Amino acid sequence: MNENKALEIINKIFKVVFNRDNNYTLEELLEKFAFDIKLPKQVNDFTTNEVTWADSINSGKFITNKNMEKRDTTIGWMLEKQEINNLQELIDIWNTINLTTTERVYDSINVVKSDTIYRCENVYRSTDSRDSKNIIYCDSCGNSEFLLASQRSNTCNFCIRCDDSKNCSNSYNVICSNKVINSLFIQDCFDLYECIFCSHIASKKFCIANMQFDEQEYYEIKEAIIEWILNF
């Protein structure tokens, strides 16, 4: 997994969601779409000073999962007993081994700049995700594929900014919803197909702002909204 692969995945998502190619860089995508997502932060391994990525930076001292395991199988983590004269000396000794493990990636392949990833493939700068493929800038997503800037969502595919939702696909900016397809800006909805700017409704299609439109009129407005999303 590298930046070119990440952009290739994002372009596929854009083609499905917006029917457009992606013209943004990774940094621009981060600023425009993932600005509020909890993502791993860049830190340095305390033992080697190499760059690594952590989803929690509170401790201030880090070690990559790889380097932690290497020490575990070589010199180990036990220390010889030392004479302790005061509490500060004890805390100082503790600080030499109290390192936060970073880049915890398990049973996964092609994962970079990520932490706490389980059984995933093709992951770029994401955290706390599992059983997913092709996810970029995501937090706490599972059983999903081709997600960008999404969080706390499951069984979703080809979505951008899908939050607290499930069973959604081919959509942008979906919040707290279920079974939403080919839609934009949806909140607290169920079973929508081709809807935009809708909230608190169910089992509808070709609605905009909770108003019913005919199919041709709907698609004309949708094209204008997509242009607005990509250019504001």
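Just so we're clear, the structure is a prediction, and the values are computed from it rather than from any experiment.
Between Ile10 and Phe33, every side-chain heavy-atom pair lies at or beyond the 4.5 Å cut-off. Side-chain contact check for Leu7 versus Asn22: some heavy-atom pair is nearer than 4.5 Å. A 4.5 Å side-chain heavy-atom check between Leu147 and Ser132 finds every atom pair outside the cut-off. Residues Glu3 and Tyr124 form a side-chain contact, since some pair of their non-hydrogen atoms from C-beta on lies under 4.5 Å apart. When side chains are defined from C-beta on, Ile186 counts as touching Cys195, because their heavy atoms get closer than 4.5 Å. Counting only heavy atoms from C-beta outward, the side chains of Asp72 and Trp77 approach each other to under 4.5 Å. Contact of the Phe197 side chain with the Ile208 side chain is registered, since non-hydrogen atoms from C-beta on lie closer than 4.5 Å. A heavy-atom distance below 4.5 Å is not found between the side chains of Asn67 and Leu99.
Taking all atoms of both residues into account, the shortest heavy-atom contact from Asp55 to Asp115 is N-OD2, 3.0 Å. Nearest heavy atoms, Cys159 versus Asn170: SG-N, 3.9 Å. Residues Ile117 and Ser114 approach most closely at CG1-CB, 3.8 Å, considering heavy atoms. Between Cys138 and Ser129, the closest heavy-atom pair is O-OG, 4.3 Å. When every heavy atom of Ile37 is checked against every heavy atom of Ala149, the shortest pair comes out as CD1-O, 3.7 Å. The two atoms that bring Thr102 and Ala54 nearest to each other are CG2-CB, 3.6 Å, heavy atoms only.
Residues Leu148 and Val112 are members of one and the same hydrophobic cluster, defined by side-chain heavy-atom contacts under 4.5 angstrom among Ile, Leu, Val, Met, Phe, Trp and Tyr. Val174 and Phe18 fall into different hydrophobic clusters, defined by Ile, Leu, Val, Met, Phe, Trp and Tyr side-chain heavy atoms under 4.5 Å apart, directly or through other members. If you chain together hydrophobic residues whose side chains sit under 4.5 Å apart, Leu26 and Val123 never meet in one group. At a threshold of 4.5 Å between side-chain heavy atoms, the hydrophobic network of Ile, Leu, Val, Met, Phe, Trp and Tyr places Ile175 and Phe158 in two separate groups. By the criterion of side-chain heavy atoms lying less than 4.5 angstrom apart, applied directly or through intervening Ile, Leu, Val, Met, Phe, Trp or Tyr residues, Ile93 is not grouped with Ile75; the two fall into different hydrophobic clusters.
At a threshold of 4.0 Å, the pair Arg152-Asp164 counts as salt-bridged, since one of the basic side-chain nitrogens sits closer than that to a carboxylate oxygen. One finds a salt bridge joining Arg161 and Asp36 here, because a Lys/Arg side-chain nitrogen approaches an Asp/Glu carboxylate oxygen to under 4.0 Å.
In terms of the ring pair (Phe, Tyr, Trp, His ring centres under 6.0 Å) criterion, Phe213 has no residue partners (sequence neighbours excluded). Checked against side chain to side chain donor-acceptor pair (under 3.5 Å), Asn122 has the following partners two or more places apart in sequence or in another chain: Asn110, Asn134. Tyr219 is linked by a ring pair (Phe, Tyr, Trp, His ring centres under 6.0 Å) to Phe206, counting only residues two or more places apart in sequence or in another chain. With sequence neighbours excluded, no residue forms a salt bridge (Lys or Arg N to Asp or Glu O under 4.0 Å) with Glu28.
From Met211, atom CE reaches atom CD1 of Ile196 across 11.0 Å, with rounding to the nearest 0.5 Å. Atom CG of residue Leu192 and atom NZ of residue Lys205 lie 12.5 Å apart, to the nearest 0.5 angstrom. In this structure, Cys156 SG and Lys166 NZ are separated by 10.0 Å, a value rounded to the nearest 0.5 Å. From Ile9, atom CD1 reaches atom NZ of Lys133 across 11.5 Å, with rounding to the nearest 0.5 Å. Once rounded to the nearest 0.5 Å, the distance linking NZ of Lys179 with CG of Asp191 reads 4.5 Å. Between the CG atom in Asn210 and the CD1 atom in Ile201 there is a gap of 4.5 Å [rounded to 0.5 Å].
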Considering only distance and modelled atom types, tabulate donor-acceptor pairs under 3.5 Å from the side chains of residues 221-232, sequence neighbours left out.
unit_1	atom_1	unit_2	atom_2	d
Lys222	NZ	Asn182	O	3.4
Lys222	NZ	Glu194	OE1	2.9
Lys222	NZ	Glu194	OE2	3.4
Glu223	OE1	Arg20	NH2	3.0
Glu227	OE1	Asn231	ND2	3.3
Glu227	OE2	Arg20	NE	3.0
Glu227	OE2	Arg20	NH2	2.7
Asn231	ND2	Glu227	O	2.7

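Through direct or indirect side-chain contacts shorter than 4.5 Å among Ile, Leu, Val, Met, Phe, Trp and Tyr, Val51 is connected to Trp53.
The environment of Gln216 atom CD is sparse: at most 12 non-hydrogen atoms of other residues, nucleotides or ligands sit within 6.0 angstrom. Other residues, nucleotides and ligands contribute more than 12 heavy atoms inside 6.0 Å of the NZ atom of Lys32. The number of heavy atoms from other shown groups lying within 6.0 Å of NZ (Lys38) is above 12.
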Between Ile136 and Met1, does a side chain to side chain contact (heavy atoms under 4.5 Å, CB included) hold up when you go through it step by step?
CA-CA 11 Å; Ile136 317 290; Met1 187 64 168; 3.7 Å; yes

Between Asn157 and Phe146, does a side chain to side chain contact (heavy atoms under 4.5 Å, CB included) hold up when you go through it step by step?
CA-CA 6 Å; Asn157 301 292; Phe146 291 98; 5.8 Å; no

Using side chain to side chain contact (heavy atoms under 4.5 Å, CB included), reason through Asp92 and Gln88 one step at a time and then give a plain yes or no.
CA-CA 6 Å; Asp92 289 342; Gln88 186 58 55; 2.8 Å; yes

Between Ile160 and Phe14, is the side chain to side chain contact (heavy atoms under 4.5 Å, CB included) condition met? List the steps.
CA-CA 8 Å; Ile160 303 171; Phe14 264 57; 3.9 Å; yes

Run the side chain to side chain donor-acceptor pair (under 3.5 Å) test on Thr155 and Asn143 for me, step by step, so that the C-alpha distance in whole Å, both residues' side-chain angles and the decisive distance to 0.1 Å come before the verdict.
CA-CA 5 Å; Thr155 56; Asn143 300 291; over 6 Å; no

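Between the side chains of Asn154 and Arg130, a donor-acceptor pair is found at a separation under 3.5 Å. No side-chain donor from either of Ser199 and Asp188 sits under 3.5 Å from a side-chain acceptor of the other. A donor-acceptor pair shorter than 3.5 Å cannot be found between the side chains of Glu8 and Asn4. With hydrogens and angles left out, the side-chain atoms of Thr64 and Glu103 include no donor and acceptor closer than 3.5 Å. Side chains of Asp128 and Ser140: a donor on one and an acceptor on the other come within 3.5 Å.
At distances below 3.5 Å, at least one donor-acceptor pair connects side-chain atoms of Ser126 with backbone N or O atoms of Tyr137. Between the Ser165 side chain and the Cys176 main chain, a donor and an acceptor come within less than 3.5 Å of each other. Remark: the backbone N or O of Pro40 is paired with a side-chain donor or acceptor of Arg125 at under 3.5 angstrom.
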